[in-house]
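Below: the structure, in structure tokens.
Just so you know, ligand 1 is whichever comes first in the structure, and atom 1 is the first atom listed for that ligand. Note that the coordinates shown come from a computational prediction; the quantities given were computed from them, not determined experimentally.
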Amino acid sequence: MKQIITWGLSYSDYDSQRELYSLIADGDVEVVAEVKFFPEEEEIFGRRSSVEDAFNQPHDMVVYFGVDEADVRAELEKLGIPTEKEVLGGLGSLIGDRNSKILSDQVKVIKDLLEASDRQIADREWLFNKLGEYGFFPFFKLVKKPQTGVRYSSCGILQVPDEFVDFCLYLSKLKCQKAIEVGVYKGSSSYVMAALLYRNNPDLVYEMVDIEDGLVNYDEISKLIPAIRKRIPNTSADFKGQEYDYCFIDADHSYGAVMEDYRNVGQYATKLTVFHDVFGHEYDELDGGTVRGWRELKELNKDKEIVEFSKFPDKWMGIGVIKWM
Ligand SMILES: C[S@@+](CC[C@H](N)C(=O)[O-])C[C@H]1O[C@@H](n2cnc3c(N)ncnc32)[C@H](O)[C@@H]1O
């Protein structure tokens, strides 16, 4: 475990904070002090410190943000703090090849899912461990109370581990021919869902729709899951009226866009239509966002079976399913 001093990490630099929290959750790093230069800046790790107090703490490294190493050394020298023995580095030097290692581990997990027995796939603990190894995105709500057996990284699945594992157990029973996911981002959850469906049908076609290409590992994963098709840049309007067995909607989270995705493809699905963030109140200001959309769609389909997967019901995230048959 490396003990570090953060130097100048801004409260609004969420990406860096998430990366740091991922390292903390893995037990690789402990922040012993955070040095800030603006009195109004909120502390992040509850370790705000003057420069002098910070350097009096035992530490292995100083990790600086938004400045050069030369500037940090110059500042320390001005304060009379000797720098010869200090190890200084940016966040990249602390992260090293962690994220590329996680990406190659993800390929391994996809192989494991494809080769797993039906008994393993139906075993929640087995699946939880596999998806934990694959990794989840370090949302603050998650990394502040990290779950044992879950690895967090910016290339992880953008879901709550328990919700997604329960949903995957449910999905793994589905036999389908045609699937569409609207809003795939890096593809991290698409690959898992496509793998589970492909196990049940090698003739599956899984369309991955997005307006921007942020996919990682696509070429490697498509060799393992030939079912996946990159449909980027596209929106649900490009597939309007097409019938899919499975439709997963997680794109633009405004109310209007959720309803549009439903009208374009969601309503035509034959087996399942699934929405992410059905309790995601952070989108409320977008004309009611996903929460309003889900509420209305449940009402519209009240004669159908509705299933919800949620660890924070009515508060955050959540996966909502309309089962058509
Ligand atoms: C929350 S992310 C999707 C996360 C992904 N489903 C996962 O679980 O890893 C939302 C994605 O939707 C995409 N997006 C935004 N508006 C869109 C639209 N109108 N049609 C398709 N994709 C859209 C964004 O580019 C982004 O990649």
(request) Might you list the protein residues in contact with ligand 1, defined as having a heavy atom under 4.0 Å from one of its atoms, sorted by chain and number? (result) L158, Q159, E181, V182, G183, V184, Y185, S188, S189, D210, I211, N234, T235, D250, A251, D252

(message) Would you say the rings of F275 and F248 are close, in the sense that their centroids are separated by under 6.0 Å?
(response) no

(message) Closer than 4.0 angstrom, basic N to acidic O: yes or no for D123 and R119?
(response) no

(message) Can you confirm whether E125 is buried at CD, in the sense that more than 12 heavy atoms of other residues, nucleotides or ligands lie under 6.0 Å from that atom?
(response) no

(request) Examine W316 together with F139 and report whether their ring centres are nearer than 6.0 Å. (result) yes

(message) I'd like to know whether the aromatic ring centres of Y152 and F136 sit less than 6.0 Å apart in this structure.
(response) no

(message) Quick check: Y206 with Y191 (ring centres under 6.0 Å apart)?
(response) no

